[in-house]
There are 2 protein chains.
Amino acid sequence: MNTLSYGLLALLTANPLTGYELTQGIKPLWRAGHSQIYPLLQSMEEKGFIRHERIEQSDKPDKKIYTITEEGISVLQEWVRLPAEPAVLRDELHFKLYSLWLTEPDEAKALLQRRMEFNRSELQRYNLLIKANEALLDERGETRELKATTFGRYLLLQKRVMAMKASIEFCEWAIGELERSSPPPG
Amino acid sequence: MNTLSYGLLALLTANPLTGYELTQGIKPLWRAGHSQIYPLLQSMEEKGFIRHERIEQSDKPDKKIYTITEEGISVLQEWVRLPAEPAVLRDELHFKLYSLWLTEPDEAKALLQRRMEFNRSELQRYNLLIKANEALLDERGETRELKATTFGRYLLLQKRVMAMKASIEFCEWAIGELERSSPPPG
DNA sequence: CGTGACATGTAACGCGTTACATGATTAA
DNA sequence: TTAATCATGTAACGCGTTACATGTCACG
């Protein structure tokens, strides 16, 4: 049981999902491809933390819908209360900033601008997810459980939004610093 | 040549360093242990991007001081102008936030508080690094090269500072949200 | 007629962490 | 005397990415 395994359990507490849906749904939380996820689902099923139901489909490939078991919920519960390890950030840009003086000022600016545009599109994506989450609550947010899972998603998405905004602010500031240190002609 | 290899080259453009010093110095930029770094130094030396000088010491173990070569600088230069891959963030807290409703409100708050305290200590560490960087410039910041490398470090450290501040703000906000949704007795 | 979504899996390889290995000096 | 700093290396294992593998339907 590694971190990703617990993450899959976390997603399954909200509702039953297929491996394919888990692969899509985990994207804003953790970077993982389907080739990592399918084997973990198999091993968690052997451990009794999840179980699956096979759905035969004629138009699309058959699928397996995974549901978390009572045992799965209780191991997740124990894990959640354990202190969280420090976040690990791996960003090439750190090294590129460090050696920025090796490039032309124009190229340095372009580097930051590309990152800023990517961050802006990510921010937009998170805002859409927040709206979808709120809509879910408005439509059928009656049970205590749905309110609770929606709240968790809300916290998480706000975390991502705040980080993205900070990153965009950094890019804007750094581009300004670059222009101050080598003003463009004109 | 992976990202970490270019990162080591980046550090070596500022001044010659030992593998040990590189292991320490890379910490704010990338997570990597010495067992990753020593083999990369050997392979980069075979490629001709760096070279080393052995220093014999009587009180401490002997050391190897690595210097970047002209060829090393030129491959780094080419790499820096390439677009930076999106940053990868791996944070257990994402999953724990998502399943926060499985814990007692007190434990949920403690989870966020621990992270906030860690972030605050990181912020302090970065502020010290910024001061050290500025001091370096004041003391002997005459050459154009030193000014340039100091500038790169400055940008990078500001990036980390802004990210940490955003993360601290998130924790404060999230603790507030938790208190609002389940007020403490009294 | 090709691309993308749906859907699940395995294999190979590279990257990252932990542990093993050695050994002197210095401060608590 | 125990831990920490300096200093370099290897080995084993686990995690993450890319590629291989298969097949249908819908849309442009």
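Treat the numbers as computed from the prediction; the structure is a model and nothing was measured. Order of the sequence lines fixes the chain letters, A, B, ..., with proteins taken first and strands second; residue numbering starts at 1 for each chain.
At least one donor-acceptor pair closer than 3.5 Å links the side chain of B:Gln77 to the backbone N or O of A:Leu102. Remark: side-chain polar atoms of A:Glu78 are not paired, donor with acceptor, to backbone N or O of A:Val75 under 3.5 angstrom. Judged purely by atom type and a 3.5 angstrom limit, B:Glu45 uses its side chain to pair as donor or acceptor with the backbone of B:His52. A distance-only check finds no donor-acceptor pair linking the side chain of B:Arg90 to the backbone of A:Leu29 [under 3.5 Å]. Checked by atom type and distance alone, the side chain of B:Asp62 pairs as donor or acceptor with a backbone atom of B:Gln57 at under 3.5 Å. Distance alone, capped at 3.5 Å, places no donor-acceptor pair between the A:Ser99 side chain and the B:Ala10 backbone. Judged by distance alone, with hydrogens and angles left aside, the side-chain atoms of A:Ser167 form no donor-acceptor pair with the main-chain N or O of A:Ala163 at under 3.5 Å.
Residues meeting the ring pair (Phe, Tyr, Trp, His ring centres under 6.0 Å) test with B:Phe151, sequence neighbours left out: none. The salt bridge (Lys or Arg N to Asp or Glu O under 4.0 Å) search around A:Arg114 returns none, not counting sequence neighbours.
Across residues 3-31 of chain A, A:Trp30, A:Arg31 each have a non-hydrogen atom less than 4.0 Å from an atom of DNA chain D (numbered order).
B:Lys159 contributes atom NZ, which lies 5.5 Å from atom CG of A:Leu89 (distance to the nearest 0.5 angstrom).
Residues B:Arg90 and B:Lys63 each lie close to DNA chain D; by heavy-atom proximity, the contact nearer the 5' end of the strand is made by B:Lys63. With DNA chain D read from its 5' end, the first of the two nearest nucleotides for A:Ala32 and B:Gln42 is the one closest to B:Gln42.
In this structure, B:Tyr66 places its OH atom 14 Å from P of D:dA7, rounding to the nearest Å.
With respect to A:Arg120 and A:Glu172, a salt bridge is recorded, a charged nitrogen being found less than 4.0 Å from a carboxylate O.
In this structure, A:Arg54 reaches neither bases nor backbone, as no heavy-atom distance under 4.0 Å exists between it and the strands shown.
For the helix from C:dC1-D:dG28 to C:dA28-D:dT1, the angle separating the two terminal helix axes comes to 40°, with each axis derived from five pairs and the value rounded to 10°.
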Tabulate protein N/O versus nucleotide N/O from nucleotides 24-28 of chain D, keeping only pairs under 3.5 Å, one per line.
none

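Between the side chains of A:Lys147 and A:Thr143, not a single donor N or O lies within less than 3.5 Å of an accepting N or O. A side-chain donor from one of B:Arg153 and A:Tyr98 sits under 3.5 Å from a side-chain acceptor of the other.
Counting 5' to 3', DNA chain C first comes under 4.0 angstrom of a heavy atom of chain A and last does so at the ends given by C:dA5 to C:dT17.
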